[in-house]
Protein chains: 2
Amino acid sequence: MATGHTDPQRRERIIAATLDLIAEEGIAHVSHRKIAARAGVPLGSMTYHFSGMDELLREAFTRFADHIVAVFDAHLAAPADRDQARQAVTDLVHALSEGSQRDLVLTQELYTLAARRPVYRELTHEWMGRSRTHLEKHFDPATARQLDALIEGLTLHRALDNEPHDRALTLEAITRITTTRP
Amino acid sequence: MATGHTDPQRRERIIAATLDLIAEEGIAHVSHRKIAARAGVPLGSMTYHFSGMDELLREAFTRFADHIVAVFDAHLAAPADRDQARQAVTDLVHALSEGSQRDLVLTQELYTLAARRPVYRELTHEWMGRSRTHLEKHFDPATARQLDALIEGLTLHRALDNEPHDRALTLEAITRITTTRP
DNA sequence: CCGTTGAGTGTACGATCGTACGCATGTCGA
DNA sequence: TCGACATGCGTACGATCGTACACTCAACGG
């Protein structure tokens, strides 16, 4: 069927370039032209591979959400008991907030989209759901939800604070919220 | 000094229109022209009252941050003891997450800016600092920080979840994190 | 060997953008 | 009353945008 000189990496490179650019300049300043330049593809490729800017952004953030889900999985799949789970969550919070500026910024951009448009909210629901599933292996559902919210808040505040919590403080917060009083 | 027919409301109207527009369409889609149209002022007023888009956005978000600080103050200034404080924080979380979609979206937009640019981070620091000061009247500093982060996470998750926590669950989380074990 | 096909590209168009700047207009000191 | 002057506006300019679309060209069936 005349499958000519096709380049399946093209699409991926464009998506990667899109995320890089959003991380650096913000959604407000991305454009087909800038993305094309950064990805090293001609402008025509943009409309060829993606129906428009919206589709491109949706694909890009889907890719990003997958990445975050992988980070959650990597940290939360292993622990075998409650104490290990608490340690793992502490690691996760510190990994997220001390990790690449890129991920922090992209997370915020995604939340901003999610706050307005349901399509993007589905992406955040997926990773919150996955996170909660992991946590429910060690804590009851209500606790898992509270812990999930705490993870979010700690990560954000650590990222935005000038003097972030140290590890002991993070663990203490996690321990408190996962401790049911008699 | 020939202070001609000046209109001090002009500036405020422009700022208000800017915030409305950002809430509706996102920072990515605001423009001088749209703001001018919404505020009912001529395009020329934009560059007259503000040196450029950056100054306008900074003023707009400063105004917004003041508003959020006021919400925090209104909820957190009154309580007299720890239990009242816990109730007040619960009210605050629900007020923030069930209140206007507008505030939620604007908060996210501001966080997104703050994640990238220190100028905007100062605005978020101010309201986090104020919040912490209030909380420290009833809880030790470490607890106040943890509680502050929890407020953030609960608000965000309540806003983004399809089935938000009910009040009892919110209060339970707040109680846990403010309870120091013997 | 050649016509067909479909992947991929270059370019051009109309819209919209931020911003500068010359001009109208109303106020005030003299 | 009348320049001087600050306030505020209309408009125009160059840049940049998203997107459409005619085109090239390699590969393949016959």
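Letters A, B, ... mirror the listed sequences (proteins, then strands); counts begin at 1.
Contact check, B/S45 against D/dC9: a side-chain N or O comes under 4.0 Å of OP1 or OP2. Checking the phosphate oxygens (OP1, OP2) of D/dC9, a side-chain nitrogen or oxygen of B/R10 falls inside 4.0 Å. Between A/Y48 and C/dA7 there is a side-chain N or O to OP1 or OP2 distance below 4.0 Å.
To the nearest angstrom, C1' of D/dT7 lies 17 Å from CD of B/Q9.
Side-chain contact annotation: A/R82 with A/T178, donor-acceptor N/O pair under 3.5 Å absent.
Between the side chain of A/K34 and the backbone N or O of A/H29, at least one donor-acceptor pair lies under 3.5 Å. At least one donor-acceptor pair closer than 3.5 Å links the side chain of A/H138 to the backbone N or O of A/P79. Between the side chain of B/R176 and the main chain of A/R176, no donor-acceptor pair closer than 3.5 Å is present.
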task = Go through A/I15 and A/F50 one step at a time and tell me if the side chain to side chain contact (heavy atoms under 4.5 Å, CB included) criterion holds.
result = CA-CA 10 Å; A/I15 290 176; A/F50 303 92; 3.8 Å; yes
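Looking at B/Q146 and B/F139, their side chains never come closer than 4.5 Å, going by heavy atoms from C-beta outward.
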remark   = Protein heavy-atom contacts under 4.0 Å, written 5' to 3' over nucleotides 13-23 of chain D as B (base), S (sugar-phosphate only) or - (none), form the string ----BBB----
